[in-house]
Amino acid sequence: MRNDEAHVKLRVASLKELDALVGKYLTKEAPQVFWEEEHACLRFESIEEALEAMRDPYFQLFIPEDARANTALKEVQEFRAYSSDLALAWEVVERISPHSEPLHIRCVSGIWYACFGSLPESSSKSAPVAICLAALRAHGMDVDFSADWKSMPGSDRAVA
């Protein structure tokens with residue numbers, strides 16, 4: 001159970017940030033790591049591959065000419081989509097259930113409410129988001145996350 005003295009308030013602005021909190025603190029998942037060039041937004045599996053591409057004259061054509069002198073690589077860590085995939089959200093429930101009170105979840109007028117035991121409810125238009133927020137709350141993290149959810153056509157991932 002959580003320690004009220006260690007209760008932390010956090011604000012997240014995207015599903016990826018929410019997924020990172022769940023992956024890092026609840027499921028202890030090792031994220032997928034890749035490298036990205038900031039202007040062309042191309043993804044590379046390793047830093048070596050990224051550096052090799054940066055030296056390639058053909059690759060340089062993908063970067064706007066005025067940005068070539070200032071281009072940079074950044075490391076990106078990506079966690080599984082707990083906040084938009086109900087099956088993955090349920091894995092979170094299964095993972096923390098032995099250490100938490102029972103999950104209570106309900107839907108009222110299109111809004112999902114979730115909580116573990118008698119903790120305050122977390123709510124969202126998305127069931128996986130409500131579950132993730134409730135799971136984080138059960139572990140001492142009160143996450144402020146408000147967004148208008150809609151489903152992308154042809155996608156199984158909700159976006160803000």
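None of the values given here were measured: they were computed from a predicted structure.
- Phe145 CZ to Ser123 OG: the interatomic distance, rounded to the nearest 0.5 Å, is 12.0 Å.
- Considering only heavy atoms from C-beta on, Val143 stays 4.5 Å or farther from Arg137 through its side chain.
- In the displayed structure, Glu52 atom CD is contacted under 6.0 Å by at most 12 heavy atoms of other residues, nucleotides or ligands.
- Between Phe62 and Phe59, the ring-plane angle classifies as tilted under the 30° and 60° cut-offs.
- A 4.5 Å side-chain heavy-atom check between Thr27 and Phe79 finds every atom pair outside the cut-off.
- Under a hydrophobic clustering in which Ile, Leu, Val, Met, Phe, Trp and Tyr are joined whenever their side-chain heavy atoms come within less than 4.5 Å, directly or via other members, Val33 and Leu73 fall into different clusters.
- Applying the ring pair (Phe, Tyr, Trp, His ring centres under 6.0 Å) definition to pairs two or more places apart or across chains, none involves residues 9-37.
- Atom OG of Ser83 is separated from atom CG of Asp19 by 3.5 Å, given to the nearest 0.5 angstrom.
- Around CD of Glu65, the count of heavy atoms belonging to other residues, nucleotides or ligands within 6.0 Å does not exceed 12.
- A continuous path of hydrophobic side-chain contacts links Val129 to Leu10 [ILVMFWY only; heavy atoms under 4.5 Å].
- Side-chain contact between His139 and Ser100: present, with at least one pair of heavy atoms (C-beta onward) separated by less than 4.5 Å.
- Of all non-hydrogen atoms in Ser118 and Glu101, the two that sit nearest each other are N-OE1, 3.6 Å.
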Run Val8 and Asp142 through side-chain contact (heavy atoms from CB on, under 4.5 Å) and show every step you take. CA-CA 6 Å; Val8 176; Asp142 196 8; over 6 Å; no
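- The minimum heavy-atom distance linking Ser122 with Ala134 is given by the pair OG-N, 3.4 Å.
- Note that CE of Met54 and CD of Glu49 are 13.0 Å apart. Values are rounded to the nearest 0.5 Å.
- Across all their heavy atoms, Pro120 and Cys115 have their closest contact at O-CB, 3.8 Å.
- Counting only N and O atoms by type, the side chains of Ser124 and Tyr113 include no donor and acceptor under 3.5 Å apart.
- For Glu91, the side-chain contact (heavy atoms from CB on, under 4.5 Å) test picks out Arg80, Leu88, with sequence neighbours left out.
- Atoms CD1 and OG1, from Ile63 and Thr71 in turn, are 4.0 Å apart once rounded to the nearest 0.5 Å.
- Val108 and Ile131 fall into different hydrophobic clusters, where Ile, Leu, Val, Met, Phe, Trp and Tyr side chains are chained together by heavy-atom contacts under 4.5 Å.
- Counting heavy atoms from C-beta on, the side chains of Arg95 and Leu26 never come closer than 4.5 Å.
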Passes side-chain contact (heavy atoms from CB on, under 4.5 Å), Glu37 versus Lys74? Steps please. CA-CA 7 Å; Glu37 189 283 323; Lys74 65 179 177 177; over 6 Å; no
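- For Glu78 and Arg43, the salt-bridge test passes: some basic side-chain N is under 4.0 Å from an acidic carboxylate O.
- Taking CG from Leu18 and SG from Cys132, the interatomic distance works out to 5.0 Å, rounded to the nearest 0.5 Å.
- Take Arg11 and apply the side-chain contact (heavy atoms from CB on, under 4.5 Å) test, not counting sequence neighbours, and it matches Asp144.
- In the hydrophobic clustering of ILVMFWY residues, with side-chain heavy atoms under 4.5 Å counting as a link, Trp90 and Trp112 come out together.
- Rounding to the nearest 0.5 angstrom, the gap separating the CZ atom in Phe116 from the CG atom in Leu103 is 4.5 Å.
- Val93 and Leu86 fall within a single hydrophobic cluster, where Ile, Leu, Val, Met, Phe, Trp and Tyr are joined by side-chain heavy atoms under 4.5 Å apart, directly or via other members.
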